[in-house]
Amino acid sequence: MQTQYDPKTIEREAREHWDRSGAFRAAEEPPGPGRRPKFYCLSMFPYPSGKLHMGHVRNYTIGDVMTRFHRMRGYNVLQPMGWDAFGLPAENAAMANGVPPAKWTYENIAYMKKQLQSLGFAIDWERELATCSPGYYRWNQWLFLRMLERGLVYKKTGVVNWDPMDQTVLANEQVIDGRGWRTGAPVEKREIPMYYMRITAYAEELLASLDQLPGWPERVKTMQANWIGKSHGVNIGFPYELGGEKKLLRVFTTRADTLMGATFCAVAAEHALAAHAARSNPKLAAFVEECKRGSVMEAELALLDKKGMPTGLFVAHPITGEKIEVWIGNYVLMAYGEGAVMGVPGHDERDFAFAKKYGLPIKPVIDVEGKPYSTDAWQPWYAAYGRCVNSGKYNGLDYQGAVDAIAADLKTKGLGDKQVTWRLRDWGISRQRYWGTPIPIVHCASCGDVPVPDSELPVVLPEDLVPDGTGNPLAKTPSFVNRSCPKCGKPAKREPDTMDTFVDSSWYFIRHACPDQNKSMVDERVKYWMPVDQYIGGIEHAILHLLYSRFWTKVMRELGLVSVDEPFTRLLTQGMVLNEIFYRKASDARITYYNPAEVELKHDDKGQRVGAVLRSDGKPVESDGIGTMSKSKNNGVDPQDLIEKYGADTARLFMMFASPPEQTLEWSDSGVEGGSRFLRRLWALCAEMKNRSNDVFASGTDLKVDFGAAGEDVKALRFVTHSTLSQVVFDYGRYQYNTVVSGAMKMLNALEAFEPHIGVARGSGNESNLTLRAAAFIEGLGIMLRVLYPVTPHITNALWKDLGYAAQYGDLVTAPWPTVDEAALEQDEVELVLQVNGKLRGHMRAPKSAGREQLEQLALAHDAVTRYTSGQAVKKVVV
RNA sequence: GCGAAGGUGGCGGAAUGGGUAGACGCACUGGAUUUAGGUUCCAGCGCCGCAAGGCAUGGGGGUUCGAAUCCCUUCCUUCGCACCA
């Protein structure tokens, strides 16, 4: 056995061994005795951007640890890998380099696949898929058509960002400070026809079934529930007349109990009433235009000053008939509710500010436990629930009573009723882009929008186009666009839009079960593997990707394609990978960022940081704190460098050890060194035991030993081994892999300290104790290797084989998980902690067999206790 | 503004049910090995204090024999966002 730890060689050998044996190929097992439970472990598939980043390494290492652990625990595990291969960056790269997106994408996939393989992930590569292949996206098209048939896909206009110079639609990301990223031209809004998926039809179920996901983080479920946004309220019609016609201005409110305090109404700039009022009033028209400028992004809208303008139109209060003026408010969202609100300044903070600003009346109608009310300044309790006052016949009613009574009265008058409103909106999937799934529709002058027949699927995306930034190249490619109408045969045009890439990622986890099936979208294998038992990915996908995937799964269930309600049983959202940011500010205020690898840290005698200098010139650099790894801050670390310098095992070990999976992880070069040191120590200890003259492993690893007669040193070692094992099993169960690693480190420390004992015993005449010592060591090391295997599979694979464990237990991949020997946990004496009035006062050793009374006597007689109990002890708590 | 998560040594982080705060690792210090640097090994390492002991889990208060852990309050950080009517 090599005395030097050589990760390159052992990692290559391990991978070759796994490849040869097809160790990670996953096959469906027929029902029957001996059938293992299945475990589908999936990490979010990567976008093939060029090369792996640390976030990928972390994500896939977490998934791999779970995968390998479950294999050892007797599960039939599937861990596949795929590529989220459509998207904007490929088009951007194409523009920059003049290379078609397809070529760029496939090259990136090839490189990144190599990188993933070099990290030794236990992936079944036979199930690999890429969403840009026709064999995959044809089923996007197929399901789109099924949804169209069922009314789950429909067409309507939607608003997009328009770059007037490039004549192209821009993604939000391509709008920088209201201007096109390439042209710098102020962005305009444009209404264009788009296809929508009716996700709102599933709002109720998407919300309700969150309760059936105990394996999801509460945080994510809360976010989804808020996004779906179910609210119970009342839809109220404010009557008015327009051109002699009786009409209703509809608003939605969750505070119908405050209706008697409504003193104005406000509508969105896009509201029909606003448009009507603007026609005869140029000032109003200008205000409406002003509101329509600015960004589509609603987050930015939140930062705007609240502004309004009266329309000069009046509506009647639905209960009192009082005249109420209608305003246009830039804070009213057209997309939510009715695009209009009733203004209740008395009990809504925003309405209060609005009324103050524009001198509108404020009318308090709710009394909250007699707390004072003054229109001078807003107080938090004004918005609280209370009893109606100043509200005529509703006086004295509480929230629910008032809402019920008012809703009933409105219903009688035909002016409103209770209503449930959702925040969730339908999903617009049309993208005016080239590198995506073509939407399978043909536009015919006489037949209208005609679905492409199933027999003509897939509508194949040409792979040789190079976009130039001025619109969708598909629309300018006659060979793609021109075709005959499937219905009447006359010349017609293909839909040039492609689908949102979220469509691709909404069901790839299902396709992994049957990636080679070319007759249908799914087959029987899906029933075996779905649902995904464990899904792992970044928190940034907490809402959109996960919600769309849940929606698609439910649609596919409706079509009989899957039999599950929810795609992901358990979800783990991993934290981001951070690194320190270093910079220098030049005299002209320009900032240069330096990669942490180029920076040397200075410490004082106590280990405190006193500064940082650039290695190249020895002069100081400033720290800008810790941030996510990014190009702009030049604080990234390339995983490839790490793998080449230390090997995959060290990279994986550090990733798992530095922090628990769900927390952010701070990069640390010296932490990586520490991980590498640990693996070298492990290797050195094993090589020492194997190579020394009295080879401990010479007689095999068969351990049919009775440890009952073992000496204290053996018992101590076994106590560490087995108590740590029990902690590690607990930590594997709660995905706390950092303490799994620390457990393995503890075991190695104990084994290292124990190693000389084996030698000392030799020749002492006590041969049986020597055997027991060797056995305890062999047992401890065997346990330690298995504990560590999911994290660092290569080195443990090599040691397992070289030391002879494989001969006894079989390949480490499927070796049985070690069991805790309860007998090893038993100790004759226990250390007790003595507390007086909750304060630690001393320690005491006592026989384990001692009873409560005996312990009390011992404790009360103890120096550490008597010193503090001149008075009388009232209670004693035995720890 | 709203929502969520979080704040523990010089640093990353442990502490499973309210019961020894700081496991494991990094950094640092001293020593051994080495021609030297690096590596490796041994020892030390929360703060104050000569010691006894005291003080310590963002700050303040509370519950409890006992609080990092539970409650109230406050400050700060990070993430998400949709002025949600």
Side-chain angles (χ1 to χ4, degrees), chain A residues 217-220 222-223 225-227 229 231 233 251-256 258 266 297-299 301-304 306 329-333 335-338 340-344 347-351 353-354 421-425 539-540 542-543 575-576 578 580 601 603-610 625-628 653-654 657-660 662-675 677-678 680-681 684 724 726-727 730-731 733-734 736 738-746 748-749 752 831-843 873-879:
Chain A
E218 281 308 318
R219 181 153 92 104
V220 174
T222 306
M223 284 162 89
N226 290 344
W227 185 267
S231 58
V251 306
F252 172 78
T253 179
T254 55
R255 287 302 301 268
T258 65
M297 286 172 268
E298 289 174 10
L301 204 67
L303 304 171
L304 293 176
K306 277 69 182 165
N330 68 349
Y331 62 93
V332 182
L333 298 181
Y336 184 77
E338 300 283 354
V341 297
M342 65 176 192
V344 184
H347 303 286
D348 180 284
E349 187 170 3
R350 191 193 49 232
D351 292 346
F354 195 82
T421 294
W422 302 89
R423 184 201 160 280
L424 185 67
R425 280 170 238 155
I539 187 73
E540 68 271 22
I543 296 177
M576 288 182 298
L578 313 180
E580 190 158 5
L601 303 179
H603 299 272
D604 68 10
D605 282 1
K606 292 187 168 178
Q608 291 206 43
R609 258 276 280 286
V610 289
I626 310 285
T628 53
L653 181 77
F654 171 72
F657 183 53
S659 73
E662 307 214 61
Q663 278 181 38
T664 54
L665 180 150
E666 262 182 62
W667 186 258
S668 155
D669 280 322
S670 50
V672 176
E673 287 281 355
R677 187 175 307 145
F678 167 70
R680 287 199 304 271
R681 267 174 56 207
T724 308
S726 135
Q727 169 241 310
F730 179 78
D731 288 340
R734 57 173 178 164
Q736 193 170 286
N738 55 330
T739 49
V740 164
V741 173
S742 109
M745 287 173 168
K746 261 185 228 181
L748 181 66
N749 289 346
E752 270 183 342
E831 177 150 303
L832 295 176
V833 177
L834 301 169
Q835 289 182 343
V836 180
N837 285 335
K839 279 206 187 286
L840 175 68
R841 293 305 183 188
H843 300 263
V874 185
K875 289 178 197 167
K876 284 156 296 268
V877 183
V878 179
V879 181

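Below, read A as the first sequence line, B as the second, and so on, with proteins coming before strands; counting in each chain starts at 1.
Using a 4.0 Å cut-off, some side-chain N or O of A:N738 falls inside it from OP1 or OP2 of B:A14. Contact between the side-chain N/O atoms of A:Q736 and the OP1/OP2 oxygens of B:A15 is found at a separation under 4.0 Å. Neither OP1 nor OP2 of B:G25 sits under 4.0 Å from any side-chain N or O of A:S742. For B:G25, the OP1/OP2 oxygens have a side-chain nitrogen or oxygen of A:N749 closer than 4.0 Å.
The separation between A:L665 atom CG and B:C11 atom P is 17 Å, rounded to whole Å. Summarising the geometry, the separation between CE on A:M576 and P on B:A5 is reported as 17 Å, rounded to the nearest angstrom. Whole-Å rounding puts the A:E218 CD to B:C79 P distance at 23 Å. Distance, A:W227 CH2 to B:C2 C1': 15 Å, rounded to whole Å. Remark: P of B:A14 and CE of A:M745 are 14 Å apart, rounded to the nearest angstrom. Put simply, CD on A:Q663 is 8 Å from P on B:G7, counting in whole angstrom units. Rounded to whole angstrom, the span from the CE atom of A:M223 across to the P atom of B:C81 amounts to 7 Å. Put simply, CG on A:D348 is 13 Å from P on B:C2, counting in whole angstrom units.
In terms of modelled atom types and a separation under 3.5 Å, the side chain of A:S659 and the main chain of A:T664 share a donor-acceptor contact.
Checking B:C83, B:A14, B:G12 against every side-chain atom of A:A658, the shortest atom distance belongs to B:G12. Residue A:S670 places its side chain closer to B:C26 than to any other of B:A85, B:G13, B:C26. Closest to the A:V332 side chain, of the nucleotides B:U16, B:A4, B:A85, is B:A85. In the set B:A14, B:A85, B:C83, B:C83 carries the atom at the smallest distance from any side-chain atom of A:Y331. Nearest to the side-chain atoms of A:T739 among the listed nucleotides B:G12, B:A27, B:A14 stands B:A14. Proximity note for A:S659 (side chain, C-beta onward) versus B:A23, B:G13, B:A5: the nearest is B:G13.
Base-pair partner of B:U63: not found among the strands shown (Watson-Crick or G-U wobble, both distances under 3.5 Å). The base-pairing partner of B:C84, taking Watson-Crick or G-U wobble contacts with both distances under 3.5 Å, does not exist among the strands shown. Partner assigned to B:C55 is B:G46, using Watson-Crick or G-U wobble distances below 3.5 angstrom. If you check B:A21 for Watson-Crick or wobble pairing at under 3.5 angstrom, you find it has no partner at all. For B:G38, there is no paired nucleotide, since no Watson-Crick or G-U wobble pair has both relevant distances below 3.5 Å. Of the nucleotides present, B:A4 is the one that pairs with B:U78 by Watson-Crick or G-U wobble criteria, both distances under 3.5 Å.
Map A:T222 and A:G229 each onto its nearest nucleotide of RNA chain B; the residue landing nearer the 5' end is A:T222.
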What's touching nucleotides 38-44 of chain B from the protein side, N or O pairs under 3.5 Å?
unit_1: B:U40; atom_1: OP1; unit_2: A:R677; atom_2: NE; d: 3.4
unit_1: B:U40; atom_1: OP1; unit_2: A:R680; atom_2: NH2; d: 3.0

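Atom name C1', nucleotides B:A68 and B:A15: the rounded distance is 9 Å, in whole Å. A gap of 32 Å separates the P atoms of B:G53 and B:C70, to the nearest Å.
More than 90° away from 0 lies the glycosidic angle of B:G53, which makes this nucleotide anti.
At a threshold of 4.0 angstrom between heavy atoms, the contacts of A:R350 include nucleobase atoms, whether or not backbone atoms are also involved. Looking at heavy-atom distances under 4.0 Å, A:T664 makes contact with sugar-phosphate atoms alone, never a base.
A stacked arrangement is not assigned to A:F657 and the six-membered base ring of B:C24, the conditions of a centre distance below 5.5 Å and an interplanar angle below 30° not being jointly met.
With values rounded to the nearest 0.5 angstrom, A:L748 atom CG is found 11.5 Å from A:T724 atom OG1. Between atom CZ of residue A:R677 and atom CE of residue A:M745 there is a gap of 10.0 Å, rounded to the nearest 0.5 Å. In this structure, CZ on A:F657 lies 9.5 Å from OG1 on A:T739, to the nearest 0.5 angstrom.
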(request) Give the C-alpha distance, both sets of side-chain angles, the deciding distance and a yes or no for ring-ring contact (aromatic ring centres under 6.0 Å, His included) between A:F354 and A:Y331. (result) CA-CA 10 Å; A:F354 195 82; A:Y331 62 93; 5.3 Å; yes

